[in-house]
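Keep in mind the model is a prediction, meaning the values are calculated, not measured.
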Amino acid sequence: VSEDDNNMEEYPTEIHEYLTAFEKSLGSVDEMLKTMISVSRSELQQKLDPLEQAKLDLVSVYTLNSMFWVYLATQGINPKEHPVKQELERIRTYMNKVKEITDKKKASKLDKGAASRFVKNALWEPNAENAHTSKTPAKGKKRQ
């Protein structure tokens, strides 16, 4: 009997897929952290504009708090009753604000001159030539 077979017997087989996915996710987090740690924070911040810096900071703090959430759950503490829940909500609020700013930057700018020309050309304006040659009689006037 191999060591893996002994470990398989220690937990219900129904959760094996979940544990495998969890282990894979932990590996991804580990790789990402190694990548982030390999570059100094000041060097990374110099390469980013202020909005990108804010995004990086928010993702970092959200990740740390999420990992703490998982830690609390593994210790049998309900994270929903812990202050970490309010902290995650606060961070999400700031993430939404940054998203709004990003969306506003991506939104097309209104060219007032072009819009005014478009509206002006779309509206019919009678000119002196059309007023005299109109085939429909004006209201209130009798034809002679």
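Partners of Leu33 by side-chain contact (heavy atoms from CB on, under 4.5 Å), not counting sequence neighbours, listed by chain and number: Val29. Looking at residues two or more places apart in sequence or on another chain, you find a side-chain contact (heavy atoms from CB on, under 4.5 Å) between Ile15 and Tyr11, Pro12, Tyr18, Leu19. Residues passing the salt bridge (charged side-chain N to carboxylate O under 4.0 Å, His left out) test with Asp49, sequence neighbours excluded: none. Applying the salt bridge (charged side-chain N to carboxylate O under 4.0 Å, His left out) test to Lys97 and every residue at least two apart in sequence or in another chain returns nothing. Every residue meeting the side-chain contact (heavy atoms from CB on, under 4.5 Å) condition with Thr20, not counting sequence neighbours, appears here in chain and number order: His16. For the side-chain hydrogen bond (donor to acceptor under 3.5 Å, both in side chains) test, residues two or more places apart in sequence or in another chain that qualify with Asp103 are Lys99. Applying the side-chain contact (heavy atoms from CB on, under 4.5 Å) test to Glu43 and every residue at least two apart in sequence or in another chain returns Val39, Ser40, Lys47.
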**Request:** I would like to know whether Thr63 and Met32 meet side chain to side chain contact (heavy atoms under 4.5 Å, CB included); could you show each step before the answer?
**Result:** CA-CA 11 Å; Thr63 301; Met32 196 173 294; over 6 Å; no
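A heavy-atom distance below 4.5 Å is not found between the side chains of Trp69 and Asn65.
The ring pair (Phe, Tyr, Trp, His ring centres under 6.0 Å) pairs that include a residue from residues 72-93 are Phe68-His82, where partners are two or more places apart or lie in different chains. Residue pairs meeting the salt bridge (charged side-chain N to carboxylate O under 4.0 Å, His left out) criterion with at least one partner in residues 55-77, sequence neighbours excluded, are Arg41-Asp57, Glu52-Lys55. Screening residues 12-33 for salt bridge (charged side-chain N to carboxylate O under 4.0 Å, His left out) gives Asp30-Lys34 as the qualifying pairs, with residues at least two apart or on separate chains.
Under a hydrophobic clustering in which Ile, Leu, Val, Met, Phe, Trp and Tyr are joined whenever their side-chain heavy atoms come within less than 4.5 Å, directly or via other members, Val59 and Val70 fall into different clusters.
Of all heavy-atom pairs spanning Leu58 and Val98, the tightest one is CD1-CG2, 3.6 Å.
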Got a list of side-chain donor-acceptor pairs under 3.5 Å for residues 85-95, not counting sequence neighbours?
unit_1 : atom_1 : unit_2 : atom_2 : d
Glu87  : OE1    : Arg90  : NE     : 3.2
Glu87  : OE2    : Arg90  : NH2    : 2.7
Arg92  : NE     : Tyr62  : OH     : 3.2
Arg92  : NH2    : Tyr62  : OH     : 3.4
Thr93  : OG1    : Glu89  : O      : 3.0

What side-chain donor-acceptor pairs closer than 3.5 Å can you find for residues 72-81, not counting sequence neighbours?
unit_1 : atom_1 : unit_2 : atom_2 : d
Thr74  : OG1    : Tyr71  : O      : 2.6
Asn78  : OD1    : Lys80  : N      : 3.0

